[in-house]
Each structure stands twice: as structure tokens, then as C-alpha cells.
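Working notes, beginning with the structure itself.
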2 protein chains.
Amino acid sequence: MPSGKLLEEKGIKVTQARKEILEILETCTQPVSYENIKESISMDKATFYRNISKFEESNLINAIESHDKKRYFELKRKPHAHFTCRVCNQVECIKSGIYVTLQNYDIENVIIQGICPSCKLTNRLP
Amino acid sequence: MPSGKLLEEKGIKVTQARKEILEILETCTQPVSYENIKESISMDKATFYRNISKFEESNLINAIESHDKKRYFELKRKPHAHFTCRVCNQVECIKSGIYVTLQNYDIENVIIQGICPSCKLTNRLP
DNA sequence: AATTATATGCGACTTAGTCGCAAAAAAGGA
DNA sequence: TCCTTTTTTGCGACTAAGTCGCATATAATT
Ligand SMILES: [Mn+2]
Ligand SMILES: [Mn+2]
Ligand SMILES: [Zn+2]
Ligand SMILES: [Zn+2]
């Protein structure tokens, strides 16, 4: 899916910076933080965050806060839940069926916090 | 439940600062941020956060990140999910039955992001 | 009481995210 | 195409959450 199309659909003006962010997010299979990608982007930090905010408002991306207090962004594709581990701080996409409904609410993302299988087993227990 | 008991059960040393934080959390019916309670606490900011980290590690409290990028803390009592609204930033405790299971994971908190009923109705739509 | 371990206050620091403003780039007409 | 208006960008300064080192204070242990 060309990033220009995505923006047009949401009524967001197509600019260099916006295409650049979306193209990076399209290549990522996991949510990424500003720190993760700041080397790969040419725009200013303020521009990055302004556009991230715009994308969030337009419901184009998810933002998932990890226990490391950083926000991880991902393109909204097929809806799925996320898991963040309190021990290793990993943010994980949960593809298997988690279905949550709440009468009268619009649900856009479900984030599950806890301890991941790997940390449960190894000596990384709290 | 006296706050000293809570700490002893988790093997955390009982100090003035820790009791103070827990006593505040016990009076709150909603998750609160550092900003919400900084006027009410007598300890230093570093001490507050060091203890919050300790409480998190011991699974004594939940930390819920809102869309306003602040973290809201609450005492773990009866397990329940949380909802944060992308429009009004409210953090809400969801007492009604949300049950999520994930094989081999320890689930400690479920955070649902989206748009709350009030924002859906009024003109606060995005 | 003396010793040891742990927690605290303070100040300096880091970093995510924000804001105002002037320059640049899009969009829209004439 | 040139001119005008609107929106976005870069830059620099700023805010606020959270962290860290270190000296002092407090709690636990002997
Ligand atoms: Mn995902
Ligand atoms: Mn709650
Ligand atoms: Zn883990
Ligand atoms: Zn709302």
C-alpha cells in the first residue's frame, strides 16, 4: 500500500516527512520508538512528533507504552492486541484471538501488561 | 488494610515515605499521576519514583499510561481492566467483566485504548 | 551502643515531547 | 505562470517525567 494513498484516505496532506514516517512504519514488523528510528529519519524531532500526533488523531497508528516508559508506534493493519512484559520491557504483537468488547465504547487497541513466557521461565523473575 | 501490612507481605521494608504513598493510593478511587499528588506528599521526587518502581516490581500497584503521556498509579485490589480515551485522556477503571487469557503469560493488567461513550456522543469526536 | 544495610534528600542530568516563530513548501486561483 | 493563502517544517528554547551519584539519615542486626 503506497503511503500517499493512506494519507489521502484520511484527508491528511501528503508531505515528504509524512511519507517518510509511514514508509518506515510499513517496513517494521514490531512497534518502534522514536529512539529506534531517529537515525533513519531526516526530519526534525518536532516534525516527527507533530506528525505522529496527527496520525494518532486520525487513527492511522497505534501507540503502545512499554514499561521502559517509551512509546512504541506501529501502523494500524489487521487489529490485534499487544503485550508488554514488565521484566524485559519487550512489546509484542499478539496475533492470536483476543476479543474484547465494551458496550458504547470504541475500542482501538488492547494492551496487556504482565510477564512474558520467556521471563517466567528463566531467572529473570522479579 | 494497614499500609504497613501490605509492605511486609511483599518483603518490602516499611518506611515513612512508603507508608505515605500507599495511604494516598488507598484513598484514591481512580488512578493518579505524580502531578496529581505531588502537593500531598512530603518526600522528594526521586524517592517517590524509586518507591513507585519498587511497588511495580513487587506487583503492588498498576501503572496505566494515558494519552496525555503521563503515568497513572493505583493500588492493586480486585483485578479489573482499564480504559483510556484518546479524546479526553480520561483513565477509567472498568469493573465489569473483561476476561483475557494468554497461554503461558502472566497477565497483570489489561488496558483498553479507544474513545469513551461520552466523547462518542458529544462534539469531541476526532 | 556500635555496625551494617538500606532509604532518603538534594542537585545535576537525560530525554520525550511541546511551543513559538520565521522560513519553506503546498495548494489554489487569476 | 505568478501571486496569495494555508499548512508544514526546522530550529531553538522550553517543560516535565524520570534517573543517577553521592552524602546523610534512618532502620535493622549484633
Ligand atoms: Mn502490533
Ligand atoms: Mn483501576
Ligand atoms: Zn519478558
Ligand atoms: Zn473520552
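Nothing here was measured: the structure is a model prediction, and the numbers come from that model. Below, chains carry the letters A, B, ... as their sequence lines are ordered, and counting in each starts from 1.
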Integer-rounded Å distance: [N] [atom2] and [X] [atom1]:
X     : N      : atom1 : atom2 : value
A:I37 : C:dG17 : CD1   : C1'   : 14 Å
B:E39 : D:dA16 : CD    : C1'   : 14 Å
B:K70 : D:dG18 : NZ    : C1'   : 14 Å
B:N51 : D:dT19 : CG    : C1'   : 14 Å
A:E20 : C:dA25 : CD    : P     : 15 Å
B:M43 : D:dG18 : CE    : P     : 15 Å
B:Y49 : C:dC10 : OH    : P     : 17 Å
A:E35 : D:dA17 : CD    : P     : 20 Å

Between C:dT18, D:dA17, D:dT8, which nucleotide has the shortest distance from any of its atoms to the side chain of A:K54?
-> D:dT8
Short question: side chain of A:R18, backbone of A:K13 - any donor-acceptor pair under 3.5 Å?
-> yes
DNA chain C: 5'-proximal contact among B:D44 and A:K45 (nearest heavy atom) = B:D44
Starting at the 5' end of DNA chain C, which residue's closest nucleotide do you reach first, B:S42 or B:K13?
-> B:K13
Counting just side-chain N and O atoms, does [X] come under 4.0 Å of either OP1 or OP2 of [N]?
X     : N      : value
A:R71 : C:dG17 : yes
B:T47 : C:dA7  : no
B:S33 : D:dA17 : no
B:R50 : C:dA7  : no
B:T15 : C:dT6  : no

Between A:Q16 and B:F73, just flag the one whose closest nucleotide in DNA chain D comes earlier from the 5' side.
-> A:Q16
Would you check if there is a donor-acceptor pair between the side chains of B:Y72 and B:E35 at a distance under 3.5 Å?
-> no
Are B:E56 and B:K76 ion-paired here, with the side-chain N under 4.0 Å from a carboxylate O?
-> no
Note: B:R86-A:E108 ion pair, threshold 4.0 Å (strictly below) | yes
So with a 6.0 Å cut-off around NZ of A:K5, is the heavy-atom count from everything else above 12?
-> no
Sugar-phosphate only, base, or nothing, as touched by A:A46 at under 4.0 Å among non-hydrogen atoms = base
